Amino acid sequence: RSGVYVSRDGGESWTWATADLGPMAVFALTIDPHDEKRIYAGSWGHNILRSHDGGQSWAPIHRGLETLSVHALAVDANDPNRLYGGAVETIWRSTDGGDSWQATRLAGRPLTTFALALVPHNPAMLYAGTTIGVYRSETYGQTWLPAGHDSLEATVTALAQCPGDASLLYAGTEH
């Protein structure tokens, strides 16, 4: 039984939270910084799921999404209606809390995105970890360019932005 599990006792026991939807691969989970009861899950087959009750019930929110899997999720800490989903060949943006989605390509190229990191003090800026390195947007994810002049030339599967230093970014790679 794969899917989302919830522990309410520090990991001592687990409940299968997505049992009503059946088994599924879940690639990403994020809690909305504006409402701890609102949780998003990126999955294979159900695209993006949302819970409004702390994981007790889930519903797909994929109007406009043209992908089967979402590998990375991010919620803008300054605007609860701005969400991002990293998927195969594109990044998806929502400006209405996930009710609808629009695709943006990374510098016009179809690249898979495995990680997203938002810059806490600059809501227009975010990073995407892709199959060929890191890309950066300074336009709320509308346009993307490679980050820096030296590419990692690796599949970036994890990103972490330092909350106290906007110039400090960490990237975890697959190969």
Side-chain angles (χ1 to χ4, degrees), residues 2-7 10-11 14 25-36 38-44 47-51 55 65 67 69-95 97-98 101-175:
S2 57
V4 176
Y5 285 78
V6 177
S7 175
W14 295 90
V26 174
F27 301 118
L29 288 169
T30 191
I31 298 171
D32 187 329
H34 306 275
D35 180 355
E36 65 186 32
R38 191 169 33 238
I39 305 164
Y40 297 94
S43 71
W44 173 261
N47 301 316
I48 298 176
L49 302 169
R50 177 175 55 204
S51 173
L65 281 172
T67 184
S69 62
V70 175
H71 297 280
L73 292 169
V75 179
D76 188 326
N78 298 295
D79 182 353
N81 290 313
R82 190 173 297 123
L83 311 173
Y84 302 93
V88 175
E89 297 188 353
T90 193
I91 291 178
W92 294 90
R93 296 178 329 114
S94 175
T95 57
W101 296 86
Q102 305 82 37
T104 61
R105 293 237 172 163
L106 297 155
R109 300 176 66 181
L111 298 173
T112 298
T113 301
F114 293 108
L116 293 166
L118 288 95
V119 177
H121 304 295
N122 182 354
M125 182 180 258
L126 64 150
Y127 294 93
T130 74
T131 49
I132 61 166
V134 177
Y135 278 72
R136 177 178 59 228
S137 174
E138 296 179 11
T139 59
Y140 297 97
Q142 293 179 43
T143 57
W144 295 86
L145 293 172
H149 57 82
D150 295 325
S151 174
L152 288 175
E153 296 181 10
T155 299
V156 176
T157 57
L159 289 171
Q161 173 69 52
C162 180
D165 182 355
S167 66
L168 186 55
L169 181 69
Y170 296 90
T173 63
E174 184 177 61
H175 303 290

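Note that the numbering runs from 1 along the sequence shown for the chain. Remember, predicted model here, so these are calculated numbers, not experimental data. Note that these values count all heavy atoms, side chains included, but never hydrogens, waters or copies made by symmetry.
- Residues meeting the salt bridge (Lys or Arg N to Asp or Glu O under 4.0 Å) test with Arg93, sequence neighbours left out: none.
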Check step by step if side-chain contact (heavy atoms from CB on, under 4.5 Å) holds for Thr95 and Asn81. CA-CA 5 Å; Thr95 57; Asn81 290 313; 5.8 Å; no
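- Under the side-chain hydrogen bond (donor to acceptor under 3.5 Å, both in side chains) criterion, Ser2 pairs with no residue at all, not counting sequence neighbours.
- Smallest separation of non-hydrogen atoms from Ala103 and Thr90: CB-OG1, 3.7 Å.
- Smallest separation of non-hydrogen atoms from Ala28 and Leu73: O-CD1, 3.9 Å.
- In this structure Thr157 satisfies the side-chain hydrogen bond (donor to acceptor under 3.5 Å, both in side chains) test with no other residue, sequence neighbours excluded.
- Of the candidates Val75, Ile39, Leu116, Leu83, Val75 is the only one forming a side-chain contact (heavy atoms from CB on, under 4.5 Å) with Thr30.
- You'll find the side chain of Asp76 reaches within 4.5 Å of the side chain of Leu118, heavy atoms only.
- When all heavy atoms of Ile91 and Ala128 are compared, the pair lying nearest together is CD1-CB, 3.5 Å.
- Across all non-hydrogen atoms, the minimal contact from Leu29 to Ala41 is CD2-CB, 3.6 Å.
- With sequence neighbours excluded, no residue satisfies side-chain hydrogen bond (donor to acceptor under 3.5 Å, both in side chains) with Thr112.
- Counting only residues at least two apart or on different chains, the side chain to side chain donor-acceptor pair (under 3.5 Å) pairs with a member in residues 136-148 are Thr104-Trp144, Arg136-Glu138, Ser137-Thr139, Thr139-Thr143.
- When all heavy atoms of Val6 and Gly55 are compared, the closest pair comes out as CG2-O, 4.3 Å.
- Counting heavy atoms from C-beta on, the side chains of Tyr84 and Leu126 come closer than 4.5 Å.
- Proximity of Ile48 to Trp101: side-chain heavy atoms (C-beta onward) are separated by under 4.5 Å at one or more points.
- Put simply, the side chain of Ser51 does not reach to within 4.5 Å of the side chain of Arg38, judged on heavy atoms.
- Although no hydrogens or angles enter the test, the distance criterion places no donor-acceptor pair under 3.5 Å between the side chain of Arg82 and the main chain of Gly97.
- For residues 110-139, every residue pair satisfying the ring-ring contact (aromatic ring centres under 6.0 Å, His included) rule, not counting sequence neighbours, is listed here: His71-Phe114.
- To the nearest 0.5 angstrom, Glu89 atom CD is 10.5 Å from Thr113 atom OG1.
- Shown here for Asp165 and Ser167, the closest heavy-atom pair between the two residues is OD1-OG, 2.6 Å.
- Under a cut-off of 6.0 angstrom, the local environment of CG in Leu169 is crowded, with over 12 non-hydrogen atoms contributed by other residues, nucleotides or ligands.
- Side-chain contact between Gln161 and Pro120 is present, with heavy atoms from C-beta onward closer than 4.5 Å.
- Residues Thr130 and Val156 have side chains not in contact (no heavy-atom distance under 4.5 Å, counting atoms from C-beta outward).
- Contact check for Ser69 versus Phe27: side-chain heavy atoms found under the 4.5 Å cut-off.
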